[in-house]
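Heads up, the thing below is written out as structure tokens.
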2 protein chains.
Amino acid sequence: MRQIIDERTGGTVRPPYGTEPHCPTVRIAAHVTVLHEGDPARRIMEVVEGAVMLSKLLPDGRRQVVELLGPGDVFGLAHADIYACSAETLTPATINTHERGALERDPVLAARLLRRFEAQLCVMHAHALMLGRMSALERVAFFLLRLMPDGMVGTTLHLSMTRQEIADFLGLTLETVSRAFSELKRRGLVVLQRADEVRIQDRGSMRRLAGAL
Amino acid sequence: MRQIIDERTGGTVRPPYGTEPHCPTVRIAAHVTVLHEGDPARRIMEVVEGAVMLSKLLPDGRRQVVELLGPGDVFGLAHADIYACSAETLTPATINTHERGALERDPVLAARLLRRFEAQLCVMHAHALMLGRMSALERVAFFLLRLMPDGMVGTTLHLSMTRQEIADFLGLTLETVSRAFSELKRRGLVVLQRADEVRIQDRGSMRRLAGAL
DNA sequence: CGACCTCTTGATCGATGTCAAAAGGTGTGG
DNA sequence: CCACACCTTTTGACATCGATCAAGAGGTCG
């Protein structure tokens with residue numbers, strides 16, 4: 001079972017290995033839930049290193065992964081002083097935490113967050129287009145391109161998400177994600193060394209499937 | 001046909017009735033496209049009054065309405081100095097425009113935008129949950145509750161969107177949206193005085209359908 | 001009244017969800 | 001090193017929701 005550290009049980013996000021308590025920068029293991037949707041929102045966090053997944057739940061348990069975050073991205077946002085999403089590390093991660101009040105006091109921080117929010121909002125717009133209008137195959141192609149910076153062509157990408165997590169991100173079921181991977185492989189657009197190691201073989205076709213990007 | 005005013009043809013967003021050119025606050029008629037996805041991003045805009053719809057297109061013409069904006073909301077965001085979305089007024093609207101550079105110079109503006117971006121990001125997270133995980137009926141219920149501030153119970157809401165626009169917002173087809181309205185009416189959760197005038201009859205059931213909110 | 005929209009409703013089809021079983025991988029203990 | 005248990009992934013069969021195609025109803029404006 002995955003370890004859970006949160007503000008309710010600990011009072012503070014506590015790094016698994018020695019750092020001062022309340023230190024703004026913490027190191028967190030993979031698969032740790034850092035924030036819970038619905039908890040009182042005391043802090044804003046920045047990913048320094050590693051990957052973090054934000055998700056929301058419906059009352060009956062249906063889950064949507066709403067954002068995938070990497071270095072520089074910000075989370076811990078709130079409506080009415082309540083966290084809007086849960087946050088879970090996908091890999092070991094380094095995270096910077098700020099008191100909410102620091103936003104008013106620190107204009108440099110505020111400027112950085114403003115730029116970052118703009119970028120994340122644009123990514124969310126693209127995500128909405130994907131969720132609302134793309135087929136399963138297109139979604140998976142879109143997902144893989146998103147994880148593959150243009151630089152790393154022919155490189156092998158390590159997916160640090162299960163099929164279920166990918167499905168929850170793409171608004172599909174894990175079976176449909178698996179079938180889409182198989183179809184991309186069958187068409188020669190992608191090579192799967194293992195279930196979690198992908199190489200993009202035909203970037204042009206992938207782009208066409210994903211509709212630009 | 002709907003009138004189109006954009007930066008390519010005019011150089012400036014020009015209000016339909018007399019205001020100085022380059023005046024930061026403009027009045028715009030309903031159904032006017034204010035920004036085009038892909039155009040060079042020179043300005044950031046704030047809705048002062050009225051409603052604005054942001055949308056994105058796939059190369060083959062599929063459309064997703066990614067945000068519905070009201071007073072206070074901000075648009076004109078950019079990735080790589082290119083507008084990420086098109087923006088179209090749904091009603092006559094008053095809009096405030098700022099040069100992008102003003103963000104660095106005006107800390108008060110920056111602080112306001114920061115707060116607003118946070119709120120819009122939270123709304124996008126909810127939108128992603130809706131698009132990825134809700135049924136057609138749930139989406140329409142969610143949509144109607146979103147337009148109905150808690151205050152106005154029993155009030156009649158005027159929809160300033162066509163079924164097609166609602167469908168593009170909810171990731172459905174116009175026929176499915178129409179059927180969902182009929183089903184909500186049949187179940188007595190909603191009264192439709194006309195196609196574009198709705199009253200919520202049973203807010204509890206609507207909430208349950210929409211999954212909180 | 002008639003033309004033109006938009007909306008509603010019906011019939012059918014297909015993509016994706018659901019349910020189920022088998023295959024593949026990984027870690028543990030003998 | 002092998003055997004077993006456990007978990008994830010893949011694949012198959014079938015069901016279902018929403019898309020598509022098509023026709024008709026309702027509203028608005030000339």
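Naming convention: chains lettered A, B, ... in sequence-line order (proteins, then strands); numbering from 1 in each chain. Quick caveat: nothing in here was measured; it's all calculated off a predicted structure.
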Could you give the [atom1]-to-[atom2] distance, from [X] to [N], as a whole number of Å?
X: B:D196; N: C:dC5; atom1: CG; atom2: P; answer: 18 Å
X: B:D168; N: D:dA19; atom1: CG; atom2: C1'; answer: 14 Å
X: B:E197; N: C:dT6; atom1: CD; atom2: P; answer: 18 Å
X: B:L192; N: D:dG26; atom1: CG; atom2: C1'; answer: 14 Å
X: B:M161; N: C:dC7; atom1: CE; atom2: P; answer: 11 Å
X: B:Q193; N: C:dC7; atom1: CD; atom2: P; answer: 16 Å
X: A:R163; N: D:dC7; atom1: CZ; atom2: C1'; answer: 14 Å
X: B:Q164; N: C:dT8; atom1: CD; atom2: P; answer: 13 Å

Stepwise side chain to side chain contact (heavy atoms under 4.5 Å, CB included) test for B:L121 and A:M124: CA-CA 8 Å; B:L121 216 25; A:M124 285 309 295; 3.7 Å; yes
Members of residues 125-141 of chain A that approach DNA chain C, where some heavy atom sits under 4.0 Å away: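 Under 4.0 Å from DNA chain C: A:S135, A:A136.
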DNA chain C contacts made by residues 57-65 of chain B, counting heavy atoms under 4.0 Å: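 Contacting residues: none.
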Do B:R63 and B:F169 form a cation-pi contact, if we require the NZ or CZ to be under 6.0 Å from the six-membered ring centre and within 45 degrees of the ring's axis?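 Not flagged: B:R63 not positioned over aromatic ring of B:F169.
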Show every donor-acceptor pair shorter than 3.5 Å between a side-chain atom in residues 144-158 of chain A and any protein atom, with sequence neighbours excluded, or say none if there are none.
{"unit_1": "A:D150", "atom_1": "OD1", "unit_2": "A:R203", "atom_2": "NE", "d": "3.4"}
{"unit_1": "A:D150", "atom_1": "OD1", "unit_2": "A:R203", "atom_2": "NH2", "d": "2.9"}
{"unit_1": "A:T156", "atom_1": "OG1", "unit_2": "A:Q193", "atom_2": "NE2", "d": "3.2"}

Set of side chain to side chain donor-acceptor pair (under 3.5 Å) partners for A:T94, sequence neighbours left out: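 Once residues adjacent in sequence are excluded, the partners of A:T94 under the side chain to side chain donor-acceptor pair (under 3.5 Å) criterion are A:R27.
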Carefully, step by step, assess B:L69 and B:Q120 under the rule side chain to side chain contact (heavy atoms under 4.5 Å, CB included). CA-CA 9 Å; B:L69 306 181; B:Q120 289 181 226; 3.9 Å; yes
With heavy-atom distances below 4.5 Å as the criterion, would you say the side chains of B:L184 and B:L209 are in contact?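 In contact.
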For the backbone of B:E165 and the side chain of B:T162, can you confirm whether one donor and one acceptor N or O come within less than 3.5 Å of each other?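 The answer is yes, because a donor-acceptor pair under 3.5 Å joins these two groups.
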If only atom types and distance count, is the side chain of A:R42 paired as donor or acceptor with the main-chain N or O of A:R100 below 3.5 Å?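 Absent.
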For C:dG25, take OP1 and OP2 only and decide whether either is under 4.0 Å from a side-chain N or O of A:R194.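 Negative; the distance criterion is not met.
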For B:A180 and B:L137, which heavy atoms make the closest approach, and how far apart are they?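 Looks like O-CD1, 3.7 Å.
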Which atoms form the tightest heavy-atom contact between A:Y83 and A:H36, and what is the distance?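 That would be CB-O, 3.7 Å.
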So which of residues 170-179 of chain B are in contact with DNA chain D, with a heavy-atom cut-off of under 4.0 Å?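 Residues of residues 170-179 of chain B under 4.0 Å from DNA chain D: B:G171, B:L172, B:T173, B:E175, B:T176, B:R179.
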Which donor-acceptor pairs under 3.5 Å do side chains of residues 75-82 of chain B form with protein atoms, sequence neighbours excluded?
none

